[in-house]
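Just so it is clear: chains get the letters A, B, ... in the order the sequence lines come, proteins before strands, and each one is counted from 1.
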Amino acid sequence: MSSKQADSAPAVRRRSAAGWALLGSELGVLFRRWRTWAMLAALAAVPVLIGLAVRLTSEDIEPGDGPPFLDRVTQNGLFIALTGTVVSIPLFLPLTVSVAAGDTIAGEANLGTLRYLLAAPAGRIRLLAVKYAAAVAFCIAAALTLVAAGMLVGVVLFPVGPVTLLSGDTIGVGESVLRLLLVAAYVSLSLAGLAAIGLFISTLTEVPVGAMAATAVLAVVAQILGALPQLDWLHPWLFTEHWVGFADLIRQPISWDSFGANALLQGGYIAVFCALAGSRFATKDVLA
Amino acid sequence: MSGASEEPAIETRGLTKRFGRQAAVDNIDLAVPRGAVFGFLGPNGSGKTTTIRVMLGLAGATAGSVRVLGEEMPARLREVLPRVGALVEGPAFYPFLSGADNLRRFDTADRHAPTRTRRARVADALERVGLSHAAGKKVRAYSLGMKQRLGIANALLMPRDLLVLDEPTNGLDPQGTREVRHLVRSLAAEGTTVFVSSHLLAEVEQICTHAAIMSAGRLVAQGTLESMRRSGRARMKLTTPDPADAGRVLRGLGLGLEGDGEQLTAPLVDGLLPEQIVAALVAEGVRVRGFAVENSTLEERFVALTGEGFDVVQ
C-alpha cells in the first residue's frame, strides 16, 4: 500500500504565491456594492449636515452647547471633522461596521456562494482572513470618509487656519490635517475590534441581517454598560471603553496613552474573536 | 500517475452523515471508476446532495471515509479540490456582478489558478456553455437556465480530473439539456471522470456508463449501466390466442404470470432460457403469435429499488 501511494503521488500543480488575488477580489466585491457606497455616503452626510446647520444659523454657539467642538466650528472649519466623528461614534459608525462585518460569512452563505468559494478551494482560514481584512478595510474607509468629508465641508463653508488645541497651543493647518488623520486611524482601530466580533457572529448563522443586528446590538449594549458607574469593574474590559478617547490626539504634545490602551484592548478582542471565528468556521458544515 | 489512475475517482467506505438522529447518508460504499460517466440517482431527499457535500469537504462525515482522486478527504482537500470542478445544489452567484466577474471571483479563490490566464480561461468557459453574449450582463438579469450554464462554466475554469455535477440540467430547455449532454460526452472523451447526480433517468441512461441508486440515505444499487439493467429481471412477453392453456404451461414452468387476454407477461427466472419456454408452449399445442424478451429499463429498476418513486422520503 505504502509503495503504491509513493508512486501515486499526484501531479504537483504550480502554485501561485500566496493567493493575494482573493483579497483583491474581496475588496472589489465590497466596494462595487451599492450598499457600501450608500453607507459611506450616509457617513459623509453627517459633517455636511453639521456644517450646513451651523452655517445657516446666525446664533453664536456658547462653549459647551451641543456636541464637543461644535462651538469652535465657526472659527475653524477643520473642527467639523471632529464634531462629525464624535456624534457618529456611538451608533452610526458601529452600525455601518456591523453591516459590513455581519455580512462577511453569513452573506456568502445566504447567497450560496460560500460553497463555491470553499469548493474552489479558498481554504476556510484563508477565506476568513480575507473576509476580516476586507471588514477592516471598510472600518478604515468609514473613518476616513467621515474625517475627509468633515475637512472638505469645513474648508468650503468656514475659515480655516491654525488650530488652537485643547491644551491652548496652536498648530498649523498641515499638522492639523495630520492630527485628523491620526483620529481616523484611532477610530478605525476602535472599530476593528467590533469587526472581529461581527466576523465571529457571522460564522454562526446563514442570515446576514441577524448577524448584522446582533453585532450592532452588542455595540450599543457595551456602551450602555460603560455608562453605568455601578459597573466600574467591568468598564476596562468593554471594547467601547476607549471609543471616544481620541481627544488625547489633539493635545500638545500628543498623549499616546489612550491610543496605546485602545490598541491593547482592541488587539485582545481581535485575537479572541478571530480565534473563535476560526475554530467555529474550520469545522462548520456548510449546508447552505 | 499510472498507479493513481487505477484507484477509483471517488471511493467511500461506510460513509455516514447524521443530522441529529436522522441519518441523511447511511453507511454507503460508493466506487466511481476513473474515466466513468457516473449517474447518481435517487428520489429527492435520498441523500445525494449530502453525499456530494461530504465528498467536497463542505460537510464532515459522521463516520466512514471518503477518498477522492486517490486522496483522503477532507485531510487532503487543498490538493484534491483544485482538480475537481463542482456544481453543487444549483448555481449560486453574486447578483450584482456580471457573469464574467462572478467567474473571476471564484477563480481567485483557487490559489492554483494562475492570474495571468484568468481572463482567457473565463472567456473560454463562457464560450463552452454558450454564454459569451451575456458575459457582461449582471447575473441578476440571468434566467434560471443561464445561471445553470454559468454554474457549469464555473466548474470548467481549470482543466479538471473530476467533475461533480449536481442536477446539471435543472432549469434548462431541451436545447440546453442536449448541449449539456454533448458537453459531458466531450469532457468524458478527454478523460475527465464525470459524476452526475440526477433524478432524470432517461438522461442518465443516455450519457452514463455507470450508475448508483440511493434510497432513504442508503445505496441500493451500483455498477455499470449494463449490469444495472441486467440485474433487473428481464421479462418475457407472449402473444397467443390460447391464454388459458398458455397460463397453465407457464405456471408449470415456475413463472409468475402478469397480464391477461392475449398478452401475457412474466419475469424470467434463472436457468430457464427463452427458447425452452417457447418449445414447452408449442409442445403443449399453444399457438404462439409473438414472443419477446425485454430487458428492464433503468426506470423499472429504479422504481423497483426505491419503491416510492419520486416522493420525498420522510
Side-chain angles (χ1 to χ4, degrees), chain A residues 1-37 103 107-127 130-131 206 281-288, chain B residues 1-7 17 19 24 49-50 52-60 69-71 74 76-97 101-102 104-116 118 151 154-155 157-158 161 164:
Chain A
M1 191 65 197
S2 61
S3 69
K4 190 181 173 194
Q5 271 178 351
D7 50 58
S8 74
V12 178
R13 297 224 180 186
R14 203 163 32 85
R15 80 179 342 188
S16 73
W20 285 103
L22 182 59
L23 180 59
S25 161
E26 182 62 35
L27 292 172
V29 168
L30 177 65
F31 287 105
R32 255 191 292 180
R33 291 193 86 159
W34 181 85
R35 189 179 72 194
T36 305
W37 289 104
D103 195 48
E108 299 280 358
N110 186 252
L111 283 176
T113 44
L114 184 57
R115 62 178 182 266
Y116 287 107
L117 288 173
L118 294 182
R124 293 187 179 217
I125 297 305
R126 174 168 167 251
L127 181 62
V130 161
K131 283 289 181 184
E206 282 152 17
F281 191 55
T283 55
K284 187 190 185 187
D285 280 356
V286 174
L287 302 173
Chain B
M1 200 63 214
S2 58
S5 60
E6 284 152 26
E7 273 196 77
K17 176 67 183 175
F19 295 110
T49 299
T50 304
I52 290 175
R53 282 180 187 285
V54 175
M55 261 161 43
L56 296 175
L58 293 172
L69 298 172
E71 307 271 0
R76 304 271 296 163
L77 183 149
R78 287 170 54 162
E79 288 74 25
V80 174
L81 287 188
R83 299 160 65 199
V84 179
L87 175 70
V88 196
E89 206 177 14
F93 295 104
Y94 305 88
F96 48 89
L97 295 182
D101 283 342
N102 265 289
R104 271 180 224 129
R105 158 85 169 153
F106 288 132
D107 196 57
T108 61
D110 175 5
R111 65 169 99 195
H112 299 264
T115 304
R116 200 166 29 82
R118 183 160 296 132
N154 178 46
L157 282 172
M158 294 280 284
D161 296 328
V164 176

Practice problem: Applying side-chain contact (heavy atoms from CB on, under 4.5 Å), name anything that partners A:Arg32, two or more places apart in sequence or on another chain. | Solution: B:Leu97, B:Asp101
Quiz item: For the candidates A:Leu114, A:Val29, A:Leu118, which exhibits the highest count of non-hydrogen atom pairs separated by less than 4.5 Å from chain B?
Solution: A:Val29
Self-check item: Contact winner vs chain B - A:Gly107, A:Gly28, A:Gly112, A:Ser25, heavy-atom pairs under 4.5 Å
Solution: A:Ser25
Quiz item: At what distance, to the nearest 0.5 angstrom, does CZ of B:Arg111 lie from CG of A:Leu22?
Solution: 9.0 Å
Quiz item: Given that the side chain runs from C-beta out, which part of B:Arg104 has a heavy atom under 4.5 Å from chain A: side chain, backbone, both or neither?
Solution: neither
Exercise. Sequence neighbours left out, what passes side-chain hydrogen bond (donor to acceptor under 3.5 Å, both in side chains) with B:Asn154? Give chain and number order.
Key: none
Self-check item: Residue pair A:Ala21 / B:Arg118: nearest heavy atoms and the distance that separates them
Solution: CB-NH1, 3.8 Å
Self-check item: Residues A:Leu287, B:Phe19; criterion side-chain contact (heavy atoms from CB on, under 4.5 Å); working and verdict
Solution: CA-CA 11 Å; A:Leu287 302 173; B:Phe19 295 110; 3.6 Å; yes
Quiz prompt | Toward chain A, the part of B:Arg53 with a non-hydrogen atom under 4.5 Å | solution = side chain
Exercise. Could you tell me whether a side-chain N or O of A:Arg115 sits under 3.5 Å from a main-chain N or O of B:Leu58, the two making a donor and an acceptor?
Key: no
Quiz prompt | Under 4.5 Å from any heavy atom of chain A - which part of B:Leu87 | solution = both
Practice problem: Could you label the plane-to-plane angle of the A:Tyr116 and B:Phe106 rings as parallel, tilted or perpendicular, counting under 30° as parallel and over 60° as perpendicular? | Solution: tilted
Exercise. Measure the spacing between CZ of A:Arg33 and OH of B:Tyr94 and express it to the nearest 0.5 Å.
Key: 9.0 Å
Quiz item: Should A:Leu111 and B:Pro95 count as side-chain neighbours, where that means a heavy-atom distance under 4.5 Å?
Solution: yes
Quiz prompt | Contacting region of A:Glu108 [heavy-atom separation from chain B under 4.5 Å] | solution = side chain
Exercise. Could you tell me the separation between the CZ atom of B:Arg78 and the CZ atom of A:Arg126, rounded to the nearest 0.5 Å?
Key: 8.5 Å
Quiz item: Taking the side chain from B:Asp110 and the backbone from A:Ala122, do they hold a donor-acceptor pair closer than 3.5 Å?
Solution: no
Quiz item: Would B:Lys17 and A:Asp285 pass as an ion pair if we require N to O under 4.0 Å?
Solution: yes
